[in-house]
Amino acid sequence: MSKILYLCSEAFPLIKTGGLADVAGGLTRALQNNGQDVRLLLPAYREILDKLHRPRQVAETFHYGQHIRILETCLPGTRVKTWLLDCPSAFDRAGNPYLDAAGDPWPDNAFRFALFAQAAVDIALDRCTLAWQPDVVHCNDWQSALVPALLATFAQRPATVFTIHNLAYQGRFSKNTFFDLGLPVELWGKHGVEFYDQFCFIKGGLVYADRINTVSPTYAAEILQARLGYGFDGLLRHRRERLSGILNGIDTDIWNPASDKHLVQNYNQHSLDLKTKNKTALQQQLKLPVSSRTPLVGMISRLVEQKGMHSLLGAMPKLLSLPLQIVLIGSGEKQYENALLDWSRSYPGKLSVSIGYDEQLSHRLEAAADIYLMPSTFEPCGLNQLYSLAYGALPLARKVGGLADTVIDCDEKTITDKTANGFIIAADTASALVKTMQRALRSYKDPVRWQQLQLNAMRPDRSWQTSAQHYIKLYQLAMTDNSEER
Ligand code: ADP
Ligand code: GLC
């Protein structure tokens, strides 16, 4: 058994903006079920504190003139011990963990996540009376990437693992910010957290972590190339011996059509015909024409370029001329929200667009959909295609990142060997998207074939169990690297 301190800026069900939260919730629980002593550390955002009944203070620390209380709770629905860093000036505010009401990054994000990192280091070094020292500190994305860098300045320290969920988000700030935050000067420089004269949080993880991983094997290879390496491909190639890809799993207590509490009708592989009841209920709920034979296409997404908004919007006129219905739930950049709403006003019986974040609707849509649309330009892993596969909604996806590792295109060979589970969009263009949709609709017309594809999709075990085992091995490797470097 190892002691793991898992650092993350979001975790379901306490706070979620995307897949990162699902991973933090699902993986920590799976690690615990596999005998690891895991503690989760999160900022105590207002949204979290509002959900909890007075969590108990167990320790305190001080940084940047702030008194930081460490509160203890359990991740709801689990036994995962969760510590919350309570510092009102940094985290007690309304809204999104990273963005202000206008959708811009909070102006003090560098301070907020440097404070998070400093307090995490105190816990990692057992300097704040918790009487618990981790063997491994597992950091995720730029918000906790400073931790491996700070820990590297200590001779005796736990091992560190850094997971890249999305290299496009890097936490870049001015050089002055680095010095204003009083960070150790030896961390500055191109072999440290400097990136072309800027202060770059994510480099803390990329340069200093004992082990680095990403959330799918294909993305681990893609970031070694210039297109998706964002200027870090050289550094990552240099550290490639330390880099691996571990595919995300799904939390089958939460995303399971047989037991999902949000659904109008539960179903499984042996009662697939019941899935239609979810479709009828959703069509009624969203005021779409009720028709079990019209293919329903779902999409649940952050509305940002990464998710293929450009090709989707370009494809809209032709998509909406096809015999289908599209239901989209999402939020993000205003230009995409407005464009989608405009299309839905022009095609009210064919396209339903819900702007905002709606957990229940997202479950209902996975259960109702026949086809799931994921035309991402890049996708480190992607969870919605995994949920869709589990719910028998066949993904229409680009062959990138985790989508390439999980969606198997329907062709003669894969139909015969019963591995086909979706439809690959050959290029990042509107016309390729439309062509693939037409191909999917042709398959949909053959109910026997379609049902076989659904069964192929639903059969594999996609739970966290296998991935948790991979992480446990990665922790061992990180501990070995750390002890050999001394
Ligand atoms: P990413 O993390 O890049 O946004 P993922 O596919 O890994 O993409 O995970 C997205 C997660 O966020 C899924 O659980 C998805 O259901 C959820 N999600 C995204 N947008 C919404 C929304 N508007 N309402 C509800 N859930 C959403
Ligand atoms: C990021 C990626 C997404 C991945 C998620 C969880 O948000 O964009 O592909 O599934 O992290 O790892």
Side-chain angles (χ1 to χ4, degrees), residues 6 8-13 15-28 96-99 138-144 162-170 202 213-220 222-223 228 230 245-251 254-255 260 262 298-309 327-333 336-337 340 352-367 369 372-391 393 395 397-398 400-407 462 464 467 471:
Y6 193 94
C8 204
S9 54
E10 48 185 280
F12 185 83
I15 180 95
K16 168 168 166 177
T17 72
L20 180 61
D22 289 359
V23 173
L27 176 57
T28 51
N96 182 288
Y98 321 116
L99 309 174
H138 184 165
C139 309
N140 293 276
D141 272 357
W142 76 263
Q143 294 87 354
S144 50
F162 180 63
T163 301
I164 304 165
H165 294 263
N166 195 333
L167 198 57
Y169 299 96
Q170 301 160 358
I202 204 167
N213 82 301
T214 74
V215 286
S216 70
T218 295
Y219 190 60
E222 288 170 343
I223 57 177
L228 291 179
Y230 292 95
I246 302 178
L247 200 63
N248 286 334
I250 66 181
D251 190 327
I254 297 169
W255 290 97
D260 188 330
H262 297 299
M299 181 164 178
I300 307 157
S301 188
R302 290 184 294 118
L303 303 178
V304 295
E305 195 190 343
Q306 176 198 344
K307 300 295 178 180
M309 284 303 126
V327 175
L328 195 146
I329 315 169
S331 64
E333 291 178 28
Y336 298 130
E337 293 184 354
L340 288 165
S352 160
V353 173
S354 305
I355 298 297
Y357 184 87
D358 191 332
E359 191 70 27
Q360 183 182 62
L361 191 58
S362 72
H363 284 247
R364 291 190 169 179
L365 179 51
E366 292 287 10
Y372 187 84
L373 191 53
M374 209 148 165
S376 310
T377 58
F378 72 95
E379 195 62 77
C381 178
L383 291 172
N384 279 114
Q385 88 280 13
L386 299 178
Y387 301 149
S388 303
L389 290 166
Y391 281 62
R398 293 286 328 286
V400 291
L403 298 174
D405 293 334
T406 53
V407 180
R462 303 180 197 282
W464 270 107
S467 305
Y471 274 102

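Values below: all heavy atoms of this structure, side chains included; hydrogens, waters and symmetry mates excluded. Just follow the structure's listing: the first ligand is 1, and inside any ligand the first atom is 1. When a residue number appears, it is its place in the shown sequence, counting from 1. In this text, all values refer to a predicted model and were calculated from it rather than measured experimentally.
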Taking the side chain as C-beta and beyond, is there a heavy-atom pair between [X] and [Y] under 4.5 Å?
X	Y	answer
L27	H138	yes
R462	L247	no
I254	H363	yes
L167	L228	no

Has [X] got a side-chain atom pairing as donor or acceptor with [Y]'s backbone, closer than 3.5 angstrom?
X	Y	result
S216	P380	yes
D141	Q143	no
Q306	E379	no
E10	G18	yes

Using heavy atoms and a threshold below 4.0 Å, how should the contact between S301 and ligand 1 be classified: side chain, backbone, both, or neither?
backbone
Considering distance alone, does some N or O of [X] sit under 3.5 Å from an N or O of ligand 1?
X	result
W255	no
T17	no
G356	yes
I300	no
G19	yes

Output the list of atoms in ligand 1 that are nearer than 4.0 Å to some heavy atom of [X], sorted by atom number.
X	value
Y387	14 (O)
D22	13 (C), 14 (O)
G330	23 (N)
G382	6 (O), 7 (O)

Just need the protein heavy atom nearest to [atom], so name the residue and atom and give the distance.
atom	result
atom 15 (C) of ligand 1	N384 OD1, 3.1 Å
atom 5 (P) of ligand 1	L383 N, 3.5 Å
atom 1 (P) of ligand 1	K307 NZ, 3.4 Å
atom 9 (O) of ligand 2	E379 OE2, 2.5 Å
atom 7 (O) of ligand 2	R302 NH2, 4.3 Å
atom 24 (N) of ligand 1	D358 N, 3.0 Å
atom 4 (O) of ligand 1	R302 NE, 2.7 Å
atom 22 (C) of ligand 1	Y357 CD1, 3.5 Å
atom 11 (O) of ligand 2	H165 CB, 3.3 Å

contact_flag [X] ligand 1 heavy-atom lt 4.0 Å:
X	result
Q385	no
K16	yes
C381	no

Of all heavy-atom pairs linking S376 and V400, the shortest is O-CG2, 3.8 Å
Output the distance between atom CE (M374) and atom CG (N384), rounded to the nearest 0.5 Å.
5.5 Å
Please work out which of the three classes, parallel, tilted or perpendicular, describes the rings of Y391 and W255, given edges at 30° and 60°.
perpendicular
Has G402 got any heavy atom lying under 4.0 angstrom from an atom of ligand 2?
no
Can a side-chain donor-acceptor contact be found between [Y] and [X] if the only test is distance below 3.5 angstrom?
X	Y	result
Y357	N96	no
Y387	S362	no
Y471	N213	yes

Looking at [X], which atoms of ligand 2 are within less than 4.0 Å of one of its heavy atoms?
X	value
V215	12 (O)
G19	6 (C)
L20	6 (C)
V23	6 (C), 12 (O)
N166	8 (O)
Q306	8 (O)

Does S144 have any side chain to side chain donor-acceptor pair (under 3.5 Å) partners at least two apart in sequence or in another chain, and if so, which?
none
In terms of heavy-atom contacts, does CD of Q360 have more than 12 from other residues, nucleotides or ligands at under 6.0 Å?
yes
Before signing off on this row, confirm whether G382 and ligand 2 have an N or O atom pair separated by under 3.5 Å.
yes
E333 bridged to R302 by N-O distance under 4.0 Å:
no
With sequence neighbours excluded, tell me which residues meet ring pair (Phe, Tyr, Trp, His ring centres under 6.0 Å) with W142.
F113, F173, F201
Side chain, backbone, both or neither: the part of D22 lying under 4.0 Å from ligand 2 by heavy atom
neither
